[in-house]
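As a basis for the values below, the full set of heavy atoms in this structure was taken, side chains included, without hydrogen atoms, waters or symmetry mates. The structure displayed is predicted, hence computed values, not measured ones.
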Amino acid sequence: MNNIDPEQQTNAIALTGVSRTAVFQRGQLATAQQDWLAEEVPVALVYNGISHVVMMCSPKDLEAFALGFSLSEGIIASPRDIYSIEINQVCNGLEVDIALSSRRFAELKQRRRALAGRTGCGVCGIEQLADIYRPIPPLPFSQRFSLANLDRALAQLRQVQQVGQLTGCTHAASWITPQGEMLGGCEDIGRHVALDKLLGVRAGQGWQHGALLASSRASYEMVQKTAMCGVEILFVVSAATSLAVEIAERSNLTLVGFSRTGRATVFSHPQRIVD
């Protein structure tokens with residue numbers, strides 16, 4: 001059970017993404033106590049009336065999620081390709097209706113037809129392999145980050161995890177300046193969704209200089225999404241996979257793992273990092 005002060009409990013009543021439940025603690029199984037749970041709901045992203053994907057998410061910052069997902073998956077090239085985003089409650093979850101430009105919608109339909117016509121073998125199917133090695137334009141080398149400022153950024157990461165502080169159940173992604181100041185961040189039960197939300201916020205705010213800091217490990221999807229949105233430096237709190245490092249090398253992304261107070265491991269393109 002999380003230790004929650006009275007002020008947190010008061011604020012949580014109006015917080016999107018949490019609900020209360022009765023729990024039984026070891027040593028006190030005869031008495032129920034109240035605790036907080038992170039909400040997990042199905043969210044469908046619907047482009048021009050056609051459902052594209054359903055994700056299990058925290059039900060907050062969904063406009064940012066729709067924008068970030070559209071950018072990181074290459075569905076759009078800029079926020080201008082989306083005319084509107086509307087969120088609707090449906091019987092079993094939430095539906096995010098996204099109005100795409102005609103050109104981008106035609107490209108999306110062609111992409112869906114190409115995938116539907118292929119055969120695969122489950123996780124190792126042709127569709128997935130093609131997605132893994134999706135071409136990513138090489139990133140420029142315009143950013144620098146001093147590791148002396150990383151500790152400051154790490155200390156601020158928890159600020160964006162309002163649901164996480166109550167439940168211990170969310171990942172976070174934030175945008176940090178070269179000076180280590182956090183400009184903004186997002187949380188979600190899923191690390192990919194937290195990243196997409198942050199990428200959507202970044203696109204809306206027009207943030208360019210700085211780096212992305214995520215509370216999770218770096219899998220290939222995290223690196224691919226980051227590079228697709230033109231971010232040059234990705235810090236993660238945990239480890240990186242071999243494929244994540246391979247894609248980071250190929251796309252010119254600087255990937256830094258094990259980002260903890262007083263330490264960090266640079267996996268690719270260290271020339272952007274100032275120690």
Cluster overlap Val237 with Tyr220, hydrophobic side-chain contacts below 4.5 Å
no
Could you check if a side-chain atom of Trp175 sits within less than 4.5 angstrom of a side-chain atom of Glu181, using non-hydrogen atoms only?
no
Whichever hydrophobic residues join Val90 through chains of side-chain contacts under 4.5 Å
none
Ile85 and Val96, any side-chain heavy atoms less than 4.5 Å apart
yes
Report whether Val256 and Val245 are members of the same hydrophobic cluster (ILVMFWY, side-chain heavy atoms less than 4.5 Å apart, transitive linking).
no
Taking the side chain as every heavy atom from C-beta outward, state whether His52 and Ile75 have any atom pair closer than 4.5 Å.
yes
Holding to side chain to side chain donor-acceptor pair (under 3.5 Å), I want the full list of residues that pass it with Arg158, two or more places apart in sequence or in another chain.
none
Nearest 0.5 Å please: distance from the CG atom of Leu108 over to the CD1 atom of Ile98.
9.5 Å
Can you tell me if CG on Asn88 sees more than 12 non-hydrogen neighbours from other groups inside 6.0 Å?
yes
Does any non-hydrogen side-chain atom of Thr265 lie less than 4.5 Å from one of Phe267?
yes
Hey, what do you get for OG (Ser70) to CG (Leu45), rounding to the nearest 0.5 Å?
7.0 Å
Which heavy atom of Val41 sits nearest to which heavy atom of Pro59, and what is that distance?
CG2-CB, 3.8 Å
Look at Glu107 together with Arg111 and state whether they make a salt bridge at an N to O cut-off of under 4.0 Å.
no
Hey, can you pull the donor-acceptor pairs under 3.5 Å for the side chains in residues 210-217, sequence neighbours left out?
from   : atom 1 : to     : atom 2 : distance (Å)
Ser215 : OG     : His171 : ND1    : 3.3
Ser215 : OG     : Ala172 : N      : 2.8
Ser215 : OG     : Ala172 : O      : 3.4

Cluster link Val236 to Val160, ILVMFWY, side chain under 4.5 Å:
no
Cluster check Leu147, Leu253: I/L/V/M/F/W/Y, side chain < 4.5 angstrom
no
With Asp81, which residues qualify under side chain to side chain donor-acceptor pair (under 3.5 Å), at least two apart?
Arg104
Does anything in residues 138-153 pair up under salt bridge (Lys or Arg N to Asp or Glu O under 4.0 Å), and if so which pairs, sequence neighbours excluded?
none
Residues Ala264 and Leu150: closest non-hydrogen pair is CB-CD2, 4.1 Å
So, do Ser174 and Ile176 sit near enough that their side-chain heavy atoms are less than 4.5 Å apart?
yes
Would a single hydrophobic cluster contain both Ile233 and Leu255, if residues Ile, Leu, Val, Met, Phe, Trp and Tyr are joined by side-chain heavy-atom contacts under 4.5 Å?
no
Looking only at heavy atoms, what is the nearest atom pair of Ala38 and Ile189, with distance?
CB-CG2, 4.1 Å
Rounded to the nearest 0.5 Å, how far does CZ of Arg202 lie from SG of Cys229?
7.0 Å
So, do Leu234 and Thr254 sit near enough that their side-chain heavy atoms are less than 4.5 Å apart?
no
Tell me, which pairs form a salt bridge (Lys or Arg N to Asp or Glu O under 4.0 Å) where one or both residues lie in residues 224-236, sequence neighbours left out?
Glu73-Lys225, Asp196-Lys225, Glu232-Arg272
Checking Glu39 now: which residues fulfil side chain to side chain donor-acceptor pair (under 3.5 Å) with it, not counting sequence neighbours?
none
Give the minimum heavy-atom separation between Gly204 and Leu67, together with the two atoms involved.
N-CD2, 4.3 Å
Other ILVMFWY residues reachable from Met56 by side-chain steps of under 4.5 Å
none
Is a side-chain donor or acceptor of Arg250 paired with a backbone partner of Pro138 at a separation under 3.5 angstrom?
no
Taking Leu139's backbone N and O only, do any of them form a donor-acceptor pair with Asn252's side chain (distance below 3.5 Å, no angle check)?
yes
As a quick check of understanding, evaluate side-chain contact (heavy atoms from CB on, under 4.5 Å) for Thr170 and Asp188, giving each step before the final call.
CA-CA 5 Å; Thr170 64; Asp188 198 272; 6.0 Å; no
Looking at Ala194 and Ala173, what are the two nearest heavy atoms and their distance?
O-CB, 3.7 Å
Salt bridge (Lys or Arg N to Asp or Glu O under 4.0 Å) pairs touching residues 54-72, sequence neighbours excluded, are Lys60-Glu187
Heavy atoms, side chains only, cut-off 4.5 Å: are Ser58 and Val163 in contact?
no
Below 4.5 Å, heavy atoms only, C-beta onward: do His209 and Thr177 meet side chain to side chain?
no
Scan residues 138-161 for pairs that pass ring-ring contact (aromatic ring centres under 6.0 Å, His included), counting only residues two or more places apart or in two chains.
Phe141-His269, Phe145-Phe235
Could you list all the salt bridge (Lys or Arg N to Asp or Glu O under 4.0 Å) pairs where at least one residue sits in residues 88-102, not counting sequence neighbours?
none
Output all residues satisfying side chain to side chain donor-acceptor pair (under 3.5 Å) with Glu221, sequence neighbours left out; order by chain, then residue number.
Ser219
Output yes when a side-chain donor or acceptor of Asn149 lies under 3.5 Å from a complementary backbone atom of Pro178, and no otherwise.
yes
